[in-house]
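Counting starts at 1 for both ligands and their atoms, following the listed order.
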Amino acid sequence: MIATQTRSFTYDPLPGRVVFGNGVRGRIPDEADRLGVKRLLVLATPEQRETATEVASSLGNRVAGVFAEAAMHVPVETAHAARETAARLGADGFLAVGGGSTTGLAKAIALVSSLPILAVPTTYAGSEMTPIYGITENGLKTTGRDPRVLPRTVIYDPELTLSLPASLSAASGLNAMAHALDALYAPDANPIVSLMSEESIAAFARALPQIVRDPGALAARSDALYAAWLAGSALGAVGMGLHHKLCHTLGGTFNLPHAQTHAVVLPHAIAYNAPFAAEALARAARALGVADAAAVPAAIYDLALAIGAPVSLAALGMPASGLDEAADVAARNPYPNPRPLERSAIRALLQDAYDGRRPG
Ligand code: NAD
């Protein structure tokens, strides 16, 4: 194809070391040495206490303790308790074994202590690649960016994702794919992040159906975790648009589950933006094997259906009476998005997502 436009961009990569491969959790002691940490506090959710303890076992007496109380959206009380535990045990670093909730807890402690995080992700959420933190107090989630919370080392071991149930794998994968899609048309998009995003979308599109058919398929698990790394990198590198704003509002105000909400909203948010981001979304079309940007929303919806991800907000417990409020919040504060934020069109988008209608 002949070039028709000149390029203009800023590229400002984040630091961080990534170690990826089956069994690389065995390298955690070496990675801890590289960081010079000698007393790691291991973090997990209550459900993943055993996994985290097992993953940390190779560290021997370099484990200062285990704090397995991570919870969705980092409640401020949990963050305080974890900070106290870290100080009491004299921890000099954190080993976060789990999904976005566990990484988020590590970030909340690092924010005040500046101690290094070694992240071992077990979902596709992508938080491990971003300097974004969030803490929830009185039902209100405050988020921010701070380089101190960016994990220093990320250990991606696909074997640790084998236990992620098919339904959560599907939703978590679409959650991550949303990072890659919103990144394609971000105002600060750049060629490297766009390449990573396209590759991420393609890898998720081929891996997720295989994983849902056979959650034990290690090659597909590896492909999906690779896609999650790329998507998380995109999330950390460029600003997110309408899709992320809507999910943040729906999750925060109506307490909807994080990954599932992303899965439902994604085709509709992309349908809203597609006519205004045709060139950027041509990459997504290529990755999904469809003709052009206009075909991307339906392709995502069909993928969600095929992998058994939820497709309607109603099924997630969203009250119909909340759609107006969600549209108000999403349209109120301006933020970068390819298509201008029109309250009535956003309200229609939310209705489609509520009803689970196939876009286009
Ligand atoms: P999660 O971390 O809450 O995990 C969901 C459940 O799955 C938990 O019970 C967990 O223990 C379990 N689980 C995780 N991995 C498993 C595995 N391999 N096998 C079996 N069970 C497993 O869910 P999530 O979707 O990963 O993270 C959501 C949270 O992360 C939200 O609070 C969201 O806001 C945050 N997040 C933050 C960023 C950021 O950049 N700051 C990015 C993405 C998500």
Considering only protein heavy atoms, which is closest to [atom], and at what distance to one decimal place?
{"atom": "atom 4 (O) of ligand 1", "value": "T123 CG2, 4.4 Å"}
{"atom": "atom 24 (P) of ligand 1", "value": "G100 N, 3.6 Å"}
{"atom": "atom 3 (O) of ligand 1", "value": "S101 OG, 2.5 Å"}
{"atom": "atom 20 (C) of ligand 1", "value": "S163 O, 3.4 Å"}
{"atom": "atom 38 (C) of ligand 1", "value": "S127 CB, 3.4 Å"}
{"atom": "atom 44 (C) of ligand 1", "value": "H258 NE2, 3.6 Å"}
{"atom": "atom 7 (O) of ligand 1", "value": "L168 CD2, 3.4 Å"}
{"atom": "atom 43 (C) of ligand 1", "value": "A125 O, 3.3 Å"}

Is L160 reachable from V154 through a run of I, L, V, M, F, W or Y residues, each pair having side-chain heavy atoms under 4.5 Å apart?
->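 No, because V154 and L160 fall into different hydrophobic clusters, even though each may have its own neighbours under 4.5 Å.
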How are the rings of Y156 and F20 set to each other: parallel, tilted or perpendicular (split at 30° and 60°)?
->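 Tilted: the ring planes of Y156 and F20 meet at 30° to 60°.
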Which pair of heavy atoms, one from A330 and one from I346, lies closest together, and at what distance?
->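 For A330 and I346, the tightest heavy-atom pair comes out as CB-CG2, 4.1 Å.
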Check ligand 1 against [X] and write out every atom of the ligand that is under 4.0 Å from a heavy-atom position of the residue.
{"X": "M72", "value": "3 (O), 28 (C), 29 (C), 31 (C), 32 (O)"}
{"X": "K107", "value": "39 (C), 40 (O), 41 (N)"}
{"X": "G99", "value": "2 (O), 26 (O)"}
{"X": "H73", "value": "31 (C), 32 (O), 34 (O)"}
{"X": "T130", "value": "39 (C), 40 (O), 41 (N)"}
{"X": "L235", "value": "40 (O), 42 (C)"}
{"X": "T45", "value": "10 (C), 11 (O)"}
{"X": "E47", "value": "8 (C), 9 (O), 11 (O)"}

Lys/Arg N to Asp/Glu carboxylate O, [X] vs [Y], below 4.0 Å:
{"X": "R25", "Y": "E54", "value": "no"}
{"X": "K38", "Y": "D92", "value": "no"}
{"X": "R152", "Y": "E31", "value": "no"}
{"X": "D302", "Y": "R358", "value": "yes"}

Winner among Q48, R145, E128 once heavy atoms are compared against atom 12 (C) of ligand 1 = Q48
Out of L162, V97, I132, T122, whose heavy atom is nearest to atom 41 (N) of ligand 1?
-> I132
Donor-acceptor side-chain pairing of H262 and H243 below 3.5 angstrom |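 Note: H262 and H243 side chains meet the donor-acceptor criterion.
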Will you find, in the side chains of N337 and N273, an N or O donor that is under 3.5 Å from an N or O acceptor?
-> yes
I'd like a table of donor-acceptor pairs (distance under 3.5 Å, sequence neighbours excluded) in which one partner is a side-chain atom from residues 319-328, with atom names and distances.
{"from": "D324", "atom 1": "OD1", "to": "R343", "atom 2": "NH2", "distance (Å)": "3.3"}
{"from": "D324", "atom 1": "OD1", "to": "R347", "atom 2": "NE", "distance (Å)": "2.7"}
{"from": "D328", "atom 1": "OD1", "to": "R343", "atom 2": "NE", "distance (Å)": "2.8"}
{"from": "D328", "atom 1": "OD1", "to": "R343", "atom 2": "NH2", "distance (Å)": "3.0"}

Compute the minimum heavy-atom distance from H248 to ligand 1 and say whether it is under 4.0 Å.
->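 So H248 does not count as touching ligand 1.
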Can a non-hydrogen atom of K141 be found less than 4.0 Å from any atom of ligand 1?
->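 Per 4.0 Å heavy-atom rule, K141 contacts ligand 1.
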Should the heavy atoms of other residues, nucleotides or ligands under 6.0 Å from CG of N61 be counted, would the total exceed 12?
->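 No, the 6.0 Å shell around CG holds no more than 12 heavy atoms from other groups.
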Location of contacts on L160 toward ligand 1, heavy atoms closer than 4.0 Å =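 Answer for L160: backbone.
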For residues H248 and H244, establish whether the separation of their ring centroids is below 6.0 Å.
->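 Between H244 and H248, which both carry aromatic rings, the centre distance is not below 6.0 Å.
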